[in-house]
Each structure stands twice: as structure tokens, then as C-alpha cells.
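What follows is a short report on a single structure.
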Number of protein chains: 4
Amino acid sequence: MSPRSQIQNEKIRSESTGKILEAAFRLMVKDGYESTSISQIAKEAGVSKGLMYNYFRSKEELLNALIKKTIRDGEKIMGNIYSENPAVTLENVFRWFFNELRNNLSEWRFVSEIMLKADKYPFVKEIITIKMSEYMKFFSDLLTKLGFKNPESEAYIIGGLMDGIGFACLVVGEEYPIDEMEKYIIDKYCKN
Amino acid sequence: MSPRSQIQNEKIRSESTGKILEAAFRLMVKDGYESTSISQIAKEAGVSKGLMYNYFRSKEELLNALIKKTIRDGEKIMGNIYSENPAVTLENVFRWFFNELRNNLSEWRFVSEIMLKADKYPFVKEIITIKMSEYMKFFSDLLTKLGFKNPESEAYIIGGLMDGIGFACLVVGEEYPIDEMEKYIIDKYCKN
Amino acid sequence: MSPRSQIQNEKIRSESTGKILEAAFRLMVKDGYESTSISQIAKEAGVSKGLMYNYFRSKEELLNALIKKTIRDGEKIMGNIYSENPAVTLENVFRWFFNELRNNLSEWRFVSEIMLKADKYPFVKEIITIKMSEYMKFFSDLLTKLGFKNPESEAYIIGGLMDGIGFACLVVGEEYPIDEMEKYIIDKYCKN
Amino acid sequence: MSPRSQIQNEKIRSESTGKILEAAFRLMVKDGYESTSISQIAKEAGVSKGLMYNYFRSKEELLNALIKKTIRDGEKIMGNIYSENPAVTLENVFRWFFNELRNNLSEWRFVSEIMLKADKYPFVKEIITIKMSEYMKFFSDLLTKLGFKNPESEAYIIGGLMDGIGFACLVVGEEYPIDEMEKYIIDKYCKN
DNA sequence: TATGAATGAGACTTCATTCAT
DNA sequence: AATGAATGAAGTCTCATTCAT
């Protein structure tokens, strides 16, 4: 009789977009952005191709939404990492980072793939530039508190290091001495 | 109508493969591997599509050959970098590296793109794993000579740092403080 | 929760269909029948897609209703054109016609587009055949009163002329010598 | 062994493009431009969809080629129409025109449909504007020789008339008094 | 009466690859 | 060794229409 209420619709919409984004994330993390087709995502999400275009105007916009969701999820995690003691905070960051590499390497690959597309998709560049400067500020503050002489440059070192180690893990996988590196870096930055 | 001699054929072959590989490199560096089509490469190389399949069984094999050639070219450059003084050698490496980022960032992007495909294309993983251990050995030896306490771990740090800084440059481009980082890293590793 | 009365319902129905038909007309005049989607019409009309299918079983039937409405609207205008003096009536027709071309060319395009679909949509053919014979009768009577020798054939000439001039205006637009033609035709048919 | 000669290739190409253009013409004349799909054309022409894009970069470019070919074909016919006696030439034009309406009405519809798209496809407008002015010149010259007082305006009348009559035939089909109109118009313009 | 989420067929297009010559 | 015409699977996207509420 009467149409669905706004609340009902909102629920339906968020469930569907949720299913789609999750399916997209799963597949793109596994196969990469370009290699994942809209059809596959629709099938994985259990919806029709048409519905996807109901919620996301294009594959690119789906990527956009996916990135934003991923960043939001990431920020929730960052909340749990903070400690009163800056050395502990930094250690938590490193431990979290290496655990990510150990457990969610595919996600790392996806993020890397997307970052490499910064040139092709302007919104990627925009988002990442912002996030990057946030992270640099975060590390820089931490390192200042820890008494480092060049906290800014050292922040860039840490950022680069993390990207680079992630990258190396992606490429050589099991061969990377991940445990040793974790210990070495934590010792170097947090233990003194 | 006499048949071509083996030597003539060999020359023709190497000229054609050369043209093709150079064209492929140029285009893939510019647009990426996936976005570069066989047709474009053939046109850029001035040969027919058919001929490409005469020399390379598939696009993937062309990539394989391209990687090997790129590595060979890279090795020639590494020869000019070596000095009697290990600190100077290391500084040369860093200077070469930052200049690459400044002048040939696109090539760096291409290499990164390919490395991320290590999972998809086994030969990529194989080649890179070998090269990586070579580089690690090279840095490790250098750092040993320079008196570093943990030359192996530190070598991984340097390797990661380079990957990571390259990555960051790719993503944020002009915003990256490349000159400062060059100075900071050279000071840190080579000046004392 | 008392049910709406029949009268209320009737009013609602006619308001909704009115809004839909007007929106459809506006958009189809602008973009053409095929290029106007049901979604666009619904949005322009401020109703839901579902409601459209409540009133019109298909896009084709919407077109049908639109044509009928357009013809009804046209007939109202024709009422204002009639004069005691047949020469004046004919001149009024011509002046109205050329002003339509000057001011509402898009509508003319839409009508032409639809007429060309007569084969595809039988109801179009049916409606137009009836209207055409009415117009021919109208012109024929007028020309008889004006003393033309072959009023029937001449009526067909006038009808064809109007279609053809409208068509030419659509195609070449500004380049068509619309003012000269108006004067020439009025002189020819109404001035003597 | 050796690749095909240029001549062989040229022949193959022109055969294929010929097949494609003919199939496209057949289908578009029957169903209209928009309603004819690339797939249908490929099937009708007995080639693959891919091949179509080998020869025509897009559906729009196929239309472009089709229009040009149609105009070329039309010009060949116009050659046979010319006579020393201008009255005879004009009569030939009218007879040819009415025969077209009798025998190839579908083609007329196609041409009309395309002309209505002049706004959407700039190349259509360009081509048609040129052709139109050629025809107007042709008629104007003829009418001058025949001693008409306002040959230019009268040329526009004739052009419009032909478009309009064609249009009417398309719409009402069999009901149109085509034979009477032919006689009437020829009498009016050619029998002094 | 009214909504809008959902569907699925079908549109245009790209591209690695094959093969007759 | 070399050509380029031909293929067909797969991709992204649109849209009229249905249906639960």
C-alpha cells in the first residue's frame, strides 16, 4: 500500500551498498582494481549489475567510495593505538604495521596499487596527499616528543620505510625477514 | 631469391626485437602495462602486430623480456657507481637514486607497477627476488665496510627506504621534499 | 484512514498525469523521444518511476498520451486563427506557422521525429492520418473560397510546403531565409 | 610466405567495408539508425563485431561513411537527369523524385531521420548544409532559364515541397495521392 | 495512490590473439 | 621474416520495466 518508509529505504540502501563495497573490496584486494570486473563484483555481492550503477555511477566512483570507506576503517584502528607514552604509541604503530603485513598483505597490495594510480585518478591523489600529510604530522609530533633531532625528516624516513617494507613484502613475500625487521626498527626508534 | 643467411636473420631478429622492446618500454612507462595495447606497441615500433607474436608469444612474455632487458640496462649503470671508498660508493648510489626520482619518475612508476604484479606473474617474482637479494648483499657489504653494527638489517632499511621514498614521490609528486631527504640520508649514512 | 473519495482520486490522477506529460514533453522536445529516459521524466515531474507505470503502461503509451494531448493543445490554437475573411484566415495560418518555426523549433523537431516513427508505432500513424485529412479538408475549403482552381491538390501543396519548410529550418537552422519565405508565400496565396 | 600485397589488402578491405556499409544501410533504412545495433549489422554483413571497429572507429563514424556513400550514389543518378531543355530536366527531377517515393520510401525515411539529427551530429549538419545549397543553386538556375520571376524563392518552395511531400508519404503511406501530385506539380512547373 | 530498490537484456567498445598470404 | 584482416570474449554502462511495501 504505502511505500516504504525513508528509514526502511535507508536500511536497504546501506545494506546493498555495504554488500557491494565488501564484495568489491574482497575481489579487488585479491585481483586488483583493473582485473576485477563489475560483473564479478555484482555476482560476489549477490546483486544485479544494474543495481551497482544505481549506487555508484561508475567503476571509478565505486573505487572512490571504497577508498573512503577503507580510510574510515583505518582511522578507527588508529584510535586504539594511542598511548600516553609516545614511545609506546610508536611501538604500537610499528607492531600494528607489521601485523598488517603478516595478516593482510593483500590489502596492502590493493592500497599500493591504488596509490600508484594517483596520476590517473585525481581523487586518489587528493585523498592520499591529505592522508599523507596527516601521518607525517602524527609521526613528526611523536618524534619531537621522543627528542629526535630532525623529527620532520625522520618522519619522512619512517613513512618511507613503512611503504618500502610493505612493498618488499608484497614482492618477495615469505622471503622477507619480517620478524627481524620489526624487532630492529622498534629497538631503533622506541627503545632508548 | 636466395635464402637469407643465418647471420643476416639473426641481425634482423635482434633489430626487430630491439625496436619492439624499446617501443614497449616507452609506452608502458608512460601509460602502464595494462593500458598499453599490443597494437600501440606495434605502431610505435613500426612493425606489424603479427611480427610481435613472431618474437613474443604473448603480451606477458613481452613483459618478461622487457624486464630482463631493463635489469641488464640497470646493471650497466651500477658499474659506474662503484668507488674504492665505500662511503663514496654509497653516496653515489643515493645520488643516482634521487636523480632517477627527479628525472625518470615514470620509469619508477612502471617498475613499481610491475613489482606489484609479482603474484600474478610468477616470472616477475622470480626475477625480483633474485635481484633483491643481490642488492641486499651489495648494501650489506658496503655497510659492513663502513662499520655499521647490523649491516644486514640496515641494508634492508636502506632498500625499504628507497622503495618507500620512490613510492611517495610517485604519489604526491612535487610535494615530496626530495632535496631535503637526499641531503638528510646522505648525511646520515655517508658522512662519518 | 478513510479512503479517498472517487472525486479526490480523480483529481490526484489528473494532476499527476498532467505533471508527467508536461515533463515528458519538455524533455522530449529538448532531447528527443529515444534519448529521454523514464527516469529523467520522473525526476523532472517530481514523481516516482513506479507512479509513471501506474498511469502509463509503457514508454510507448506515454508517447501516445503525449501526442493526443499535444494535438488537443494545437486545436485550441487553431480556434484563434479563424476569421470571416478566408484570405485573412490563411494568412493567419501562415504567420502562426512561421512564428512557430522561429520560436518553437524544438517542438517542431519533436513532432517530426515522432511522425517518422509512424511505421514503428501504429497509433502514431493512425492519429496522424486522421489529423492530416482534417488539415487537408481545412485548407481545401479555404482555397475553394479563395477561388483556386485545384483546391485539393493545392491543399496538398500547402501541407507539403509547411512540412518541408519546417524540415529545412530544422536542418540548416539560421541559414534558412525564413522571413523572405514567409513574405513570398503569403503574397502568393493570400494577396489577390 | 610473403604477406599479402597492398592490392590484395585493398581489395579485401574494400570488400569488407562494402559488406558492412551495405548491411548497415539495409538495416538502418529498415529500422532507423538508433534502433540498429552494431551486433545486428555485423551479423547481417557476415563479419565479426570486432572487424567493424577495425574499419569504423565508432557507430557514429559508420554513419558518417554511410552518408557520404549515399550522397555519392545519389550524385551518380543526378547525372542521368540532365537535359538540354530545362523544362525536361525539371520534369526528370520530379519524375525521379516521385519514383523514389514509390519505390524506395524506406531510404527516404532514413535520410529524413538522419537530417533530423543534424543538431546532434555536427558532421551531418555540415554535409547537409552544403548539399542543400547545391540543390538550391541547381533549382534556381533551372527556374531562371524557365523564366520564373523569383527563381530563388521558388527554388526554396520546390525544395520544401519535395521534403514535405516525402515526409507526408512516409507518414501516411498509401493514403497519399502520389500520382495526382506528380501530375499536378509537373504541370505547374514544367508545362509552362 | 505512491515509492524506489532491483532486475537483466542488450548497447557500444576494446583488445589479445590467430592465420592466410 | 612479415603483414594486417579477422575473431570473439569480455568490459563498462544504460534503461525500460517489475514488485514488495
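Residue numbers begin at 1 in each chain, while the letters A, B, ... track the order of the sequences. Just so you know, these numbers use all the heavy atoms, side chains as well, and skip hydrogens, waters and symmetry mates.
As rounded to whole Å, 12 Å separates atom C1' of F:dA1 from atom NZ of B:Lys19. We find that CG of A:Leu27 is positioned 12 Å from P of F:dT12, with the value rounded to whole Å. For C:Lys43 and F:dC15, the NZ to P distance is 12 Å, given to the nearest whole Å. Spacing between atom CD1 of B:Ile20 and atom C1' of F:dA1 amounts to 11 Å, rounded to whole angstrom units. Atom CG of B:Leu62 and atom C1' of E:dT17 are 14 Å apart (whole Å). Separating the CG atom of D:Asn54 from the C1' atom of E:dT17 is a distance of 14 Å, rounded to the nearest angstrom. For D:Glu15 and F:dG4, the CD to P distance is 18 Å, given to the nearest whole Å. We find that CD of A:Gln6 is positioned 15 Å from C1' of F:dT21, with the value rounded to whole Å.
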Taking only Watson-Crick and G-U wobble pairs with both distances under 3.5 Å, what dot-bracket line describes DNA chain E, where [ ] shows pairs that cross earlier ones and | shows pairs with another strand?
.||||||||||||||||||||

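In this structure, A:Arg13 does not reach the E:dG4 phosphate: none of its side-chain N or O atoms is under 4.0 Å from OP1 or OP2.
B:Phe123 does not carry B:Lys68 over the face of its six-membered ring by the limits of under 6.0 Å from the centre and within 45° of the normal.
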Heavy-atom contacts, protein to nucleotides 9-15 of chain E, under 4.0 Å, summarised as B (base), S (sugar-phosphate only) or - (none) per nt, yield -BSSBBB

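A:Asn9 comes within 4.0 angstrom of the backbone, heavy atoms only, and of no base. Residue contacts shown for C:Tyr55 are limited to sugar-phosphate atoms, with no base heavy atom under 4.0 Å away. At a threshold of 4.0 angstrom between heavy atoms, the contacts of D:Ser5 with the nucleic acid are absent.
Comparing atom distances between the D:Arg4 side chain and each of F:dA5, F:dA2, E:dA6 picks out F:dA5 as nearest.
Of all the residues in residues 109-123 of chain B, not one reaches under 4.0 Å from DNA chain F with any non-hydrogen atom.
Summary of the strand contacts: D:Gln8 and A:Met52 both lie near DNA chain E, and taking for each the nucleotide with the nearest heavy atom, the more 5' one is attributed to A:Met52. Nucleotides of DNA chain F nearest to B:Gly46 and D:Gly46 differ in position, and the one nearer the 5' end is that of B:Gly46.
Applying the salt bridge (Lys or Arg N to Asp or Glu O under 4.0 Å) test between D:Glu44 and each of D:Lys30, D:Arg26, D:Lys49 identifies D:Arg26 as the sole match.
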B:Lys117/B:Glu34 under salt bridge (Lys or Arg N to Asp or Glu O under 4.0 Å): CA gap, chis, key distance, verdict
CA-CA 11 Å; B:Lys117 295 198 192 314; B:Glu34 312 253 37; 3.6 Å; yes

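Using a 4.0 Å cut-off between a side-chain N of Lys or Arg and a carboxylate O of Asp or Glu, C:Arg109 and D:Asp119 qualify as a salt bridge.
The minimum heavy-atom distance between A:Ser58 and A:Tyr53, with the atom names listed, is CA-CE2, 4.0 Å.
Put simply, the side chain of C:Glu15 never gets that close to the backbone of C:Ile12: no donor and acceptor are under 3.5 Å apart.
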